[in-house]
**Student:** 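My questions will all concern the structure given below.
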Amino acid sequence: MRRAIAEAGKAWIKDEVPIGCVIVKGGKIIARGHNLRETSQDPAGHAEMIAIRKAARKLGSWRLLDTVLYVTLEPCTMCMGAIILARISTVVFGCYDPKGGAAGSLYDLSSDPRLNHKVELLPRVLESECSGLLSEFFTQLRTRKKNGTTTSLK
């Protein structure tokens with residue numbers, strides 16, 4: 001999870017919401033990603049989506065069997081859909097997302113019996129660090145907007 005937090009820091013430096021992700025197979029990181037929605041103006045520019053695409057390229061397969069995805073924030077419906085379709089075994093996440101989470105907050109797609117793949121969830125890993133990073137980012141963003149400044153957040 002610490003590597004995912006480091007990825008979140010890369011997003012912050014780019015004035016992106018600080019969410020980071022790594023995918024591990026056989027104890028080794030095979031892909032990394034951090035939010036790039038603003039930078040790329042891509043609604044699918046989520047950390048998980050970027051890491052999933054990189055992992056598929058690295059493995060030469062869309063089936064990411066026996067992999068573990070670590071992400072600092074609970075995945076949304078789009079990302080959980082991609083996680084399920086990629087056949088990722090386990091998702092470890094830092095903090096819940098009560099406004100958009102699809103791994104227990106708003107929805108729980110991980111074990112829906114109507115889907116053909118189930119995902120093991122391990123929530124709240126380094127939760128205070130992950131939620132603190134997001135809280136600090138949005139506090140600074142609100143202050144910056146209030147003051148009308150356009151300088152970088154970090």
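Below, all heavy atoms of this structure are taken into account, side chains as well, without hydrogens, waters or symmetry copies.
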**Student:** Specify the closest pair of heavy atoms between E74 and Y96, including all atoms of both residues, with the distance to one decimal.
**Tutor:** OE1-CD2, 3.2 Å
**Student:** Find the distance between CD (E127) and CZ (F93) and round it off to the nearest 0.5 Å.
**Tutor:** 9.0 Å
**Student:** Show me the side-chain donor-acceptor pairs of residues 44-61 shorter than 3.5 Å, one per line, residues at least two apart or across chains.
**Tutor:**
unit_1: K54; atom_1: NZ; unit_2: R32; atom_2: O; d: 3.2
unit_1: S61; atom_1: OG; unit_2: R63; atom_2: N; d: 3.0

**Student:** Testing the basics here: between A11 and P18, what is the closest heavy-atom pair and its distance to 0.1 Å?
**Tutor:** CB-CA, 4.0 Å
**Student:** For F137 versus W12, what's the shortest heavy-atom pair and its separation?
**Tutor:** N-CH2, 3.5 Å
**Student:** In this structure, would L85 and L115 fall into the same cluster of hydrophobic residues linked by side-chain contacts under 4.5 Å?
**Tutor:** no
**Student:** Return the minimal non-hydrogen interatomic distance between I84 and H117, and the atom names on each side.
**Tutor:** O-CD2, 3.7 Å
**Student:** Donor-acceptor check, side chain of T72 to backbone of I5, threshold 3.5 angstrom: yes or no?
**Tutor:** no
**Student:** Could you check whether any side-chain heavy atom of V71 comes within less than 4.5 Å of a side-chain heavy atom of I19, counting everything from C-beta outward?
**Tutor:** yes
**Student:** Tell me the closest heavy-atom pair linking L133 and A8, and the distance in Å.
**Tutor:** CD2-CB, 3.5 Å
**Student:** Is the shortest side-chain heavy-atom distance between L121 and D108 below 4.5 Å?
**Tutor:** yes
**Student:** If you group Ile, Leu, Val, Met, Phe, Trp and Tyr by side-chain heavy-atom gaps below 4.5 Å, do L36 and I13 land in one group?
**Tutor:** no
**Student:** Could you tell me which non-hydrogen atom of E7 sits nearest to which non-hydrogen atom of V22, and how far apart they are?
**Tutor:** CG-CG1, 4.3 Å
**Student:** Side chains of D15 and R144, heavy atoms from C-beta outward: is any pair under 4.5 Å?
**Tutor:** yes
**Student:** For D112 and R114, indicate whether the former's side chain and the latter's backbone hold a donor-acceptor pair under 3.5 Å.
**Tutor:** yes
**Student:** Using 4.0 Å as the upper bound for N to carboxylate O, is an ion pair formed by R2 and E129?
**Tutor:** yes
**Student:** Compare all side-chain heavy atoms of L64 with those of I83 and state whether any distance is below 4.5 angstrom.
**Tutor:** no
**Student:** Under 4.5 Å between side-chain heavy atoms, hopping through other hydrophobics if needed: is there a path connecting I29 to L65?
**Tutor:** no
**Student:** Is any side-chain heavy atom of L73 closer than 4.5 Å to a side-chain heavy atom of C130?
**Tutor:** no
**Student:** Looking at CD1 of I88 and CG of D66, how far apart are the two atoms once the value is rounded to the nearest 0.5 Å?
**Tutor:** 11.5 Å
**Student:** Assigning hydrophobic clusters by single linkage (Ile, Leu, Val, Met, Phe, Trp, Tyr; side-chain heavy-atom cutoff under 4.5 Å), is V125 placed with V24?
**Tutor:** yes
**Student:** Would you mind reporting whether M80 and S110 have side-chain heavy atoms less than 4.5 Å apart?
**Tutor:** yes
**Student:** When you compare the side chain of S89 with that of V68, does any pair of heavy atoms fall below 4.5 Å?
**Tutor:** no
